[in-house]
Number of protein chains: 2
Amino acid sequence: MDDNKGKCPGAYSTIEIVTGKWKPMILYQLAQSESVRFNELKRLIPDITQKMLTSHLKELEFHDIIDRKVYAQVPPKVEYSLTEYGRGIVPILSALQNWGKNHLSRLEQMYDHEKTEING
Amino acid sequence: MDDNKGKCPGAYSTIEIVTGKWKPMILYQLAQSESVRFNELKRLIPDITQKMLTSHLKELEFHDIIDRKVYAQVPPKVEYSLTEYGRGIVPILSALQNWGKNHLSRLEQMYDHEKTEING
DNA sequence: CGGCATCCGGCCTGATACTG
DNA sequence: CAGTATCAGGCCGGATGCCG
């Protein structure tokens, strides 16, 4: 990793890429299948707006994390998929998820503990 | 905010915690030593403002990632350190950093390649 | 030394309407 | 189907000044 005087550990580039309210879930969904169409993604992530989905997909494509394949036909068809490079992020997502799940159950435990104290 | 019927990976809780322009670096710095004082952190992260440092530290403390130890004395002294729990994040930071470094060197390679093509 | 309060600008996000 | 365009709001981050 970067030395101290270089101040910023390389984490930022990753965080910048993974950050965004929906990017982790987009990547997660893409990691589940070979390729996903635009509206399918929208269906898989109901709360996302088209604008956010589009812009995030664009960013991810720019960073060469995902691949965008356009079929010149009517009706239009666009498929998104993780690039070989993008698959390198999956383990990080997993780590994030594992930690997050762990964290959530920890929170629940603390909550239960509180309840127990109150009820007991 | 998490699960849309279990579809959302727990990544969010982690991202929420680690996200913030400076949090990764704060955690990184704290991971380097047993404990760090407020102004020391500010010195280690020159570009951060006091406000951001304070608020981020508060959030991290709230999430039980870091410990805040106040010495009732003059001049005041406050030390921050990773909690045992917080140390669980370090591997994630490392993964982030590794991927980030990889990514950066990849970018450099692409840049060099472009230059070569232009110059050649 | 280690904060907090206030104000402010910009980016991120979102709702809605339109296009090829 | 897969976007683009426009407008609006809210939160994040930054600068400055005050306090124990």
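Since the structure is predicted, the reported quantities are computational estimates derived from the model, not experimental observations. Throughout, a chain's letter reflects where its sequence line sits, starting with A, and its residues are numbered from 1. All heavy atoms count here, side chains included; hydrogens, waters and symmetry mates do not.
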Could you tell me whether the phosphate oxygens of [N], OP1 or OP2, come under 4.0 Å of any side-chain nitrogen or oxygen in [X]?
| X | N | answer |
| --- | --- | --- |
| B/Arg37 | C/dG2 | yes |
| A/Lys58 | D/dG3 | no |
| B/Lys42 | C/dG3 | no |

Check the distance between [N]'s [atom2] and [X]'s [atom1] and give it to me in whole angstrom.
| X | N | atom1 | atom2 | result |
| --- | --- | --- | --- | --- |
| A/Tyr80 | D/dC1 | OH | C1' | 11 Å |
| A/Leu53 | D/dA2 | CG | P | 10 Å |
| B/Leu41 | C/dG2 | CG | C1' | 12 Å |
| B/Glu16 | C/dT13 | CD | P | 12 Å |
| B/Phe38 | C/dG3 | CZ | C1' | 6 Å |
| B/Leu57 | C/dC1 | CG | C1' | 14 Å |
| A/Gln50 | D/dT6 | CD | C1' | 15 Å |

Checklist entry - For B/Asp64, which residues count as a side chain to side chain donor-acceptor pair (under 3.5 Å) partner, sequence neighbours excluded? => result A/Arg106
Checklist entry - Quick one: side chain to side chain donor-acceptor pair (under 3.5 Å) partners of A/His103, sequence neighbours excluded? => result B/Tyr85
Item to check | Partner residues of B/Glu79 under the salt bridge (Lys or Arg N to Asp or Glu O under 4.0 Å) criterion, sequence neighbours left out | outcome: B/Lys77
Checklist outcome for this item: Sequence neighbours excluded, the answer for salt bridge (Lys or Arg N to Asp or Glu O under 4.0 Å) partners of A/Glu59 is A/Lys23
Checklist outcome for this item: B/S/- along nucleotides 8-13 of chain D (protein heavy atoms under 4.0 Å) is -----B
Next on the checklist: Using the rule given for side chain to side chain contact (heavy atoms under 4.5 Å, CB included), can you reason through A/Leu82 versus A/Val90, listing the C-alpha separation, both sets of side-chain angles and the distance that settles it, and then say yes or no?
Outcome noted: CA-CA 10 Å; A/Leu82 283 183; A/Val90 177; 3.9 Å; yes
Item to check | Proximity to DNA chain C (any heavy atom under 4.0 Å), residues of residues 60-79 of chain A only | outcome: A/Pro76
Checklist entry - More than 12 heavy atoms of other residues, nucleotides or ligands under 6.0 Å from CD of B/Glu84: is that the case? => result no
Next on the checklist: With heavy-atom distances below 4.5 Å as the criterion, would you say the side chains of B/Leu41 and B/Leu57 are in contact?
Outcome noted: yes
Next on the checklist: Could you go through A/Ile89 and A/Thr14, starting from their C-alpha distance and side-chain angles, then the distance that decides it, and tell me whether this counts as side chain to side chain contact (heavy atoms under 4.5 Å, CB included)?
Outcome noted: CA-CA 9 Å; A/Ile89 284 190; A/Thr14 310; 5.7 Å; no
Item to check | Full working for side chain to side chain contact (heavy atoms under 4.5 Å, CB included) between B/Leu60 and B/Tyr80 | outcome: CA-CA 10 Å; B/Leu60 292 170; B/Tyr80 295 92; over 6 Å; no
